[in-house]
Structure formats: structure tokens, C-alpha cells
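Protein chains get the first letters and strands the later ones, always in sequence-line order, with residue 1 at the start of each.
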Amino acid sequence: MQKKIRRPGTALRTPRVTQVRHGASAFPTSAAKRRYFTILLVMVVASAAFGFGLLAWNNPAPYGSSGFWRIAEMRTTNVIIMAVVAFCQAMATVSFQTVTNNRIITPSIMGFESLYVAIQTSTVYLLGAAGLIAFSGTPQFLFQISVMVTFALLLYGWLLSGKYGNMQVMLLVGIIIGGGLGSVSTFMQRLLSPSEFDLLSARLFGSVTNAEAGYLPIAIPLCLVAGAALWFNARRLNLVSLGRDSTVNLGLNHRFETIKVLFLVSILMAISTALVGPMTFLGFLVATLAYQFADTYDHRFVFPMAFFTGFVVLTGAYFVMNHVFYAQGVVGIIIELVGGSVFLYVILRKGRL
Amino acid sequence: MITLTDVAKSYNSEVSIGPVNLQLPAGGITALVGPNGAGKSTLLTMIGRLLGVDRGAIEVGGLDVSTTKSKDLAKIVSILRQENHYVTRLTVRQLVGFGRFPYSKGRLTLLDEEIISRYIDFLDLGGLEDRYLDQLSGGQRQRAYVAMVLCQETDYVLLDEPLNNLDMRHSVQMMQHLHQAARELGRTIIIVLHDINFACHYADRICAVKDGQIAEFGTPEEIMSDDLLSRVFETPVQCINGPRGRLACFY
């Protein structure tokens, strides 16, 4: 944005008219703006390429025949699930890091995934393998989501509204509850028979191929609503990222904004976890990359970048694992490995949390 | 005018503030001075509604800070804390632009951009406006923060130790900018200072705080006396006439 400034007041000096004044909006220079849209375009093209690659690669029927499309259609479900997971993890992690004012933690730290593991484990433990099989389908999915969202709301509402309510205490309690639930789950897993344990671990590994396509009609509208709510909150999020003092000073109710965003984050995380299981580092990996690529404070630009980055990471990982290494089951593990390495790299490079 | 009526805040039985009754008139610079832990910053953050009061009421420009909507107060009073750290990478201009949030709600208009340019120039940041905050020196960064709260265009500006970590030159420049903002822009500036000589030279009123109470309140001439300062700071202080006004010697 370039413009000439005229002197309006008497008290303030005339700004130098000859100098080009860039806008205070998302990008300081037009070069930065060009860079952003170039990277976004690359991400969109890569998303389309990997998405199409997953549908078409190794498709036995010739391209364009009715058989080709039938096979592609069967594979579409997986790609859609990847898109939903990428959307949930990207939006949730970016928003969560903004309200917590911390670029290193992910929503998983708040015990979401331990809660998922605890629900699944206690189902097997208490009801047996038959119970686990009976405890599936849409009601189970809705139950999972509502338990996780209720848990999150109680925790945030309680910890952020008390006399000593602050973010650090909330995070600490979240971590401790997460650790506690994890230990309880591990204890129950010890007591399971090997066959039950086998059934359970299949559920606990983050895997797109395990996901139930029947959940999608509920999951997609839910995450679109939560995502849209975050999107329309983006300008407020820009301010919240400056921390509590600046947010209050500039006229927003910080506690209300925080609880609102954490509620939306808990919906997104619950959908993602209930759909494909725990993915601890995917959100972190995606958000960290998105900040690097977008290089702006403005969430209206970070969100799309994070989504497409997430989709490229997921589809790319599946494509490479399926068609290059023929190791379908380990995609989640690979993403965690890469995400964990990036996490370590970021900590070591920045030297602080 | 800022009015504090029976304001009290207690952390535990030993550390408490108040009850404070104080009227700070509009216009000019008012300096809050006092020993460490006296409650200067706490008073300031309570006036700026970043911290709630336990008892009593605070009015800024006729509005009660605990009941008035935050978004309305943001056009009346602005506050800058001592420690400012942002996780996001911002340029000076983007940071100053956030000062327009109460008016623009994040959608900057051409008028906003013009106002931003004015305050950037007011604090001599014109050449630095596209630099990122982490590329600036401490003094430059402090100027950028002050530009942001001035850009909020509030009648009342509260600053918590803006001279913290600034060298001699930058401290003097900062005080001159603030002096100019008070005189030429008609702002009421409340500032927490540690250096009594800075307060004496640039402030119109000095408020001495001790043990959570207002110990003294008056013009610099009234405050700059040997026994008053010695009592407030619990250190032997001698005031002499320097070449440019009274000076407190305590070294």
C-alpha cells in the first residue's frame, strides 16, 4: 500500500512525503506478499498433485475408463480423511499456540490424546474385546467428541476463571492430567490379554486407513463450523497473539477470547483424534512450517498456509510410504518421527521455549 | 481526571496496597516515584485495568474502569507494561498499527495508515518502520512500543518505567518525546520513574508512593526537599541547585 501523506494536525510533524510508506497490514513489503502467494501456490499445486497421485498411482485400470474412476472413488475416502485431519490439526494448533502465546506446544499436550487412549483402553479393559467391537460406529464417535469437548471446557473454564487462573497453571495441570491418564491407560494395558492388546493397539496408532468413513458426514460439517468460527475470529486472534496485557489494553476481553478459541480448538482436536487417533507432532510440524512459509502475524494468511502444508505433509507421507517404500502401516510413525525431529531442531536452534 | 477512591489490593497479610485516595488532574506528566515494592506499578496496572482491585473504585475520565466496557476504555486510556515480549514477528509499522485496533478492529483504513505514519514520525522511527522488532536496539524498541500506545490516541497514557534499560541519551530523548506528547498533543501521561532527577525535570506533578500508600503528592518544587526524599526513599538525599533546576544527590 503506497500513498502520500498530507499534514492533518499541527502538533505532529509532517511525514516525509517523498518516502514510500508501506501498509501496516499483513506484509511489510510487496516482495513479502509475492513470496507468500508463490509459496501458497506451490502448496496448492503440491496438494493437488499428491491428492491425485494417491488416487491414480498404481491404479490398474487405464486412465479415463469407468474402472479407473471406480477405484479412484474408493480411494477418495482416504484423501478426504487426510484433508479433514490436516484441516483440524492445522487450525487447532495455530489457534492454540496463539492463545497460549507459545510456539512450541500443541493441543495434544492438554491431555486430549491421553483422554482418547484412556477411553479406548478402559473400553477394552472393562468390556473386553467384544465391547470394543460393539463400541464403535457413529454413537461411539459422537460420545468420544462430546467427552473430550466437555473435559476441555471444564478444565479451561475452571482453570482460567479462578482467582489464580492463568495460562501457565492451566498448561501445567493439563500436562499432569494427560500424564496421569496415560499412566492409568498403561496400567490397564498391562492387565489385558495379548489378543485384546493387539486389537487395542491397532486403534491407538494414528492411521488414516483405520478411520471409519461413516463418521465423515458428522465430522466434516462440525469441523467446517469450528474452522469458520476461527476464521472469522482471525483479526482478534492477531491481537491475542500479543499477549494478555496488550489484548486488554486494546479493548478485548482476554479471558472470553481465550475460552472461546480453546473451545473451538477442543472440537477440532476431538474430531481429529476420534477419526485417526493420536498424532502428537503433526500439528506442531504443520504450524511451525506454516509460520516459516507465511512469515506474517495475520492469521487470515497463516490459516490457509497451515492447512495446505498439513495436507501436503499427510498426502506426501502416504504417497511415499505406499508407493516408494511399500510400508503402508507406518505413515503415522514417520510423521511423528519427522515432526519430533523438527521439534528438537526448533528447540535447539532457538535455545528457549 | 483520574480518581482513585479507597482503592485497596492485598496479596497477603504483609503485602497490601491502600486504601489509596488520589486525584490526578488531566494534562501534563505525572510521575510515580518511590522505593522498590512500594506499589507504583501495581497502582498503574490497576488504573489501566490490567489488574482488578479488591476494594474501592477507579475512574478515568469519568468512567469506572471495572464496569465500563473494555473496548470503550481502550479509546480513553492506554497502558504500556515494563516487559513486552511478543511471540509473533512484527515490523515497527505493524506493531504501531495494532494501536489502531480500538477504532479499526483490525481493518486498517487509509486514515489509520496516515495516523500510524504520523506517530512513527513523531517518535523518529521513520527510517526503521519496516525493520522487525528483533532487529532493533533496546532504545529503538522502547520507542516503537511508546509509538503504539500513542497511536491509540487516548487522553490518558500510562507508562510503566519506559526508561528501564535505556542509556542516558535514549532516556533524555524518550522524556522529550513524552513531554512533547503532553504539551502538543494534550495527553495526560502517568509514568513510573525510578530516577527522581528525571521526574523533577520533566514531570508537572510527582506522586511519591511508599508501602502501598501515597506518601506525598505535589509539584517537583514541593517534592524536592532533603527530608521528604530521605524519608520516602529511606536513603540520605541532599537537594542542590543545578544549572538546570534542582538536583537530588544521593550517591
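Salt-bridge formation is not detected for the pair B:D6/B:R55: no Lys NZ or Arg NE/NH1/NH2 atom is positioned less than 4.0 Å from an Asp or Glu carboxylate oxygen. Salt-bridge check for B:R183 with B:D204: passed, with a basic side-chain N closer than 4.0 Å to an acidic carboxylate O. Taking a cutoff of 4.0 Å between a charged side-chain nitrogen and a carboxylate oxygen, B:E153 and B:R100 qualify as a salt bridge. For the pair B:E161 and B:R81, the salt-bridge criterion is not met [side-chain N within less than 4.0 Å of a carboxylate O].
In this structure, the portion of B:Q152 lying under 4.5 Å from any heavy atom of chain A is its side chain and not its backbone. Of the two parts of B:V77, only the backbone, made up of N, CA, C and O, holds a non-hydrogen atom closer than 4.5 Å to a non-hydrogen atom of chain A. Using a 4.5 Å cut-off between heavy atoms, A:T98 does not touch chain B at all. If you measure heavy-atom distances from B:K105 to chain A, the contacts under 4.5 Å come from the backbone alone. For chain A, the nearby parts of B:S78 are the backbone and the side chain; heavy atoms of each come within less than 4.5 Å. Looking at B:L90, only its side chain comes within 4.5 Å of chain A, counting heavy atoms on both sides.
Using a 30° and 60° split on the angle between ring planes, B:H177 and B:F122 fall in the tilted class, from 30° to 60°. Between A:F301 and A:F37, the ring planes lie perpendicular to each other; the angle is over 60°, past the 30° to 60° tilted range. Below 30°, between 30° and 60°, or above 60°: for B:Y86 and B:Y145 the angle between ring planes is above 60°, a perpendicular geometry.
Contacts with chain A (heavy atom to heavy atom, under 4.5 Å) involve these residues of residues 63-71 of chain B, listed by number: B:S70, B:K71.
Chain B forms the most heavy-atom pairs under 4.5 Å with one residue out of A:S241, A:G243, A:A234, and that residue is A:S241. Ranked by heavy-atom pairs under 4.5 Å with chain A, the first of B:M148, B:R89, B:R107 is B:R107.
A:S272 and A:Q89 make their closest contact through OG-NE2, 3.0 Å (heavy atoms, listed as atom of the first residue, atom of the second, distance).
A cation-pi geometry, defined here as NZ or CZ lying under 6.0 Å from the six-membered ring centre and within 45° of its normal, does not hold between B:R187 and B:Y156.
Scored by the salt bridge (charged side-chain N to carboxylate O under 4.0 Å, His left out) test, B:R143 finds no partners at all (sequence neighbours excluded).
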